[in-house]
There are 2 protein chains.
Amino acid sequence: MAQPIRLHQVSPLKASCHQCSLSNLCLPLAVEDNELYRLEDIVQQGRIFSRGEHIFDQSTPFRSCFAVKSGAIKTSIISENGEEQVTGFFMPGELVGLDSMGSKNYACTAKALERTSVCEFPVDRLEELTAKLPDLQHHVYHLMSQEIQGSHQLAMLLSKNTAEERIAALLLSLSSRFHRRRMSGTNFSLPMARNDIANFLGLAVETVSRVFTRFQNQGIISARGREVELLDVEALQTVTREFSRQNQ
Amino acid sequence: MAQPIRLHQVSPLKASCHQCSLSNLCLPLAVEDNELYRLEDIVQQGRIFSRGEHIFDQSTPFRSCFAVKSGAIKTSIISENGEEQVTGFFMPGELVGLDSMGSKNYACTAKALERTSVCEFPVDRLEELTAKLPDLQHHVYHLMSQEIQGSHQLAMLLSKNTAEERIAALLLSLSSRFHRRRMSGTNFSLPMARNDIANFLGLAVETVSRVFTRFQNQGIISARGREVELLDVEALQTVTREFSRQNQ
DNA sequence: CGCGATATTGATTATTATCAAGGATCGTGG
DNA sequence: CCACGATCCTTGATAATAATCAATATCGCG
């Protein structure tokens, strides 16, 4: 039983999911230890992208999903007229490209927000593997449904909430995602520019700026550029719920 | 080979995908004829829901996906404060519940907009079957990714487009979905109330009403209640692209 | 036929976009 | 290491789209 595992680990091109600190967030989460070699077998050792580089481009042939190992990625769709909509931010341990599963071409463009390393899962191999490992298949379904749900939440945010509520929600989301990686949930560095935040939340950059300063004046956060400190998480949570108070 | 098929078809509780007029839109689309019995084997003959009835409720245990056979369904999520967001409309041939795949509970509530019949696919059996039929697995991935993409498009619509553009886009979407079923794409009956349209598109009901009358005055559509006729499809398409013109 | 739910229309308000300008920060090359 | 340009961020003034408030009209159903 141990033999085949070793055999696969020796290849320098294969990632070692066993040793990855993100294995409890990423796909290995759904794979038994003694089956992990099968995942390692299809993973391609990640390239490193520097800030601004594209991991993949919308409408080019869909080949792989990518797990973020370090850094951060933003995905966006471009409409026929060239209008961009940021559809998501992806942090270490998160899987990019699920919105293209089962499609011929990538449904969006993925861009590194900072120096970013990724693990690559070729989809043909991934589909083969999910057919063999029910738990992995279940997990992929789960991740995809999570992405649908997240997108629905975003739609809700966009159509029902004020600028302050949207930004509070984003800050809290980032906070919990940092926290999950055992990093500070109150003191972190935003991987994205104000512009990306604005686009993602359906706001103008100026509005984002104004809300940041308003939150600072209220002592809820402290921000210098991309460095953010959440001084009053409860207040932020209140802001996201504020809407409901007024309406009931 | 023909024997097992017959054997399964005789059960009165099993749906006959073979004979279903929607088999080219629904899951059978991805299953070979000689494997179709396996799908029929897990399908539960659809119940019929009258207008307003719930097919399933958010936060109750996730058991099944449902294919719409006739009628129409709306899905919506309710936030902690009771705020509702309509997340989608489902027409015959479309699959409801994918946003809950891999989850313990339903992620949304599904409600019949009119008298609606459905086919039920229990997820445990469906997951088993997708593991055995690679084409079906691929198709489910495809449908889920389509739902992610649709949701991203909605986010784009909500954050970047005017009321007129949003409504034009919805009308065109419905038109093409009717057309796909070989029904008129220019003369149909809206399955949902103005309220649902408004909620889905992030608008106030009054705004929806106003846009409808504006479109009528411009001779683009003709509407009496839920009966709609698209008089000038090109004009509608122009409206959805109007935004781009102005910005470049 | 009548009631409640749904839809339309009008007047006013408010949130956020847009326009405009200045200030900070970053990265690069001299 | 500093200077430069470019990008990014902030702040202010004004404008516009759609929400809200309010009232009436119509539809659908029992």
Side-chain angles (χ1 to χ4, degrees), chain A residues 50-53 74 83-86 111-115 157-168 189-217 221-228 239 242-243 246-248, chain B residues 50-53 74 83-86 111 113-115 156-170 189-217 221-228 239 242-243 246-248:
Chain A
S50 39
R51 171 199 279 234
E53 273 191 285
K74 84 164 181 192
E83 196 64 25
E84 180 182 14
Q85 167 75 43
V86 175
K111 197 172 176 179
L113 289 167
E114 52 193 61
R115 192 166 188 75
L157 211 59
L158 292 174
S159 78
K160 305 251 189 304
N161 294 63
T162 66
E164 297 200 352
E165 289 157 359
R166 298 183 208 182
I167 289 172
S189 170
L190 297 172
M192 75 292 283
R194 297 284 188 276
N195 228 326
D196 295 322
I197 295 178
N199 187 305
F200 180 63
L201 296 178
L203 300 169
V205 201
E206 295 93 326
T207 305
V208 174
S209 230
R210 279 185 251 270
V211 172
F212 267 80
T213 45
R214 227 176 294 159
F215 281 170
Q216 282 193 87
N217 295 338
I221 70 171
S222 151
R224 274 194 320 287
R226 297 193 177 186
E227 292 303 320
V228 174
V239 171
E242 200 59 24
F243 182 72
Q246 291 167 7
N247 290 43
Q248 204 56 266
Chain B
S50 40
R51 170 199 279 232
E53 273 192 282
K74 84 163 182 193
E83 196 64 25
E84 179 182 13
Q85 167 75 41
V86 174
K111 197 173 176 179
L113 289 168
E114 52 193 60
R115 191 166 189 77
M156 166 108 95
L157 210 59
L158 291 173
S159 78
K160 306 254 190 302
N161 293 62
T162 66
E164 298 201 351
E165 290 156 358
R166 297 182 209 183
I167 289 173
L170 178 61
S189 169
L190 297 172
M192 74 293 280
R194 298 283 189 278
N195 226 326
D196 295 323
I197 296 178
N199 187 306
F200 180 63
L201 296 177
L203 299 169
V205 201
E206 295 95 324
T207 305
V208 174
S209 231
R210 279 186 251 271
V211 172
F212 266 80
T213 47
R214 228 176 293 159
F215 280 170
Q216 283 193 86
N217 294 338
I221 69 170
S222 151
R224 273 192 322 286
R226 297 192 177 188
E227 292 304 319
V228 175
V239 170
E242 200 58 25
F243 182 72
Q246 290 167 11
N247 291 45
Q248 205 55 267

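Just so we're on the same page: letters track the sequence lines, and every chain starts at 1. For clarity, every value in this text was computed on a predicted model and none was experimentally measured.
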With respect to the side chain of A:Glu206, which nucleotide from D:dC9, D:dT11, D:dA19 is positioned closest?
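Of D:dC9, D:dT11, D:dA19, D:dT11 is nearest to the side chain of A:Glu206.
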Which nucleotide in the set C:dA7, D:dT11, C:dT9 lies at the smallest distance from any side-chain heavy atom of B:Arg194?
C:dA7
When the nearest nucleotide of DNA chain C is assigned to A:Glu164 and to B:Ala193 on a heavy-atom basis, which residue is associated with the more 5' position?
B:Ala193
Would you mind telling me which of A:Ile167, A:Ile197, A:Leu158 makes a side chain to side chain contact (heavy atoms under 4.5 Å, CB included) with A:Leu203?
A:Ile167
Atom [atom1] of [X] and atom [atom2] of [N]: how far apart are they, to the nearest Å?
X	N	atom1	atom2	result
B:Asp196	C:dA7	CG	C1'	13 Å
A:Asn199	C:dT18	CG	P	12 Å
B:Leu158	C:dT15	CG	C1'	17 Å
B:Gln216	C:dT8	CD	P	8 Å
B:Arg214	C:dT9	CZ	P	11 Å
B:Asn161	D:dT17	CG	P	14 Å

Counting only side-chain N and O atoms of [X], is one of them less than 4.0 Å from OP1 or OP2 of [N]?
X	N	value
B:Arg210	D:dA18	no
B:Thr213	C:dT9	yes
A:Thr207	C:dT16	no

Name the nucleic acid region contacted by A:Ala204, choosing base, sugar-phosphate or nothing; use a 4.0 angstrom heavy-atom cut-off, strictly under.
base
Would you classify A:Gly52 as touching base, sugar-phosphate or nothing, given that sugar-phosphate means primed atoms plus P, OP1 and OP2, and contacts are heavy atoms under 4.0 Å?
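Counting heavy atoms under 4.0 Å across all strands, no contact is made by A:Gly52.
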For a quick check under 3.5 Å, do A:Ser222 and A:Gln216 share a side-chain donor-acceptor pair by atom type?
no
Qualifying residues under side chain to side chain donor-acceptor pair (under 3.5 Å), relative to A:Glu53, sequence neighbours excluded
A:Ser50
Take nucleotides 21-29 of chain C nucleotide by nucleotide from the 5' end and write B, S or -, depending on whether a protein heavy atom sits under 4.0 Å from the base, only from the sugar-phosphate, or from neither.
---------
Does A:Lys74, at its NZ atom, have more than 12 non-hydrogen atoms belonging to other residues, nucleotides or ligands within less than 6.0 Å?
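Yes.
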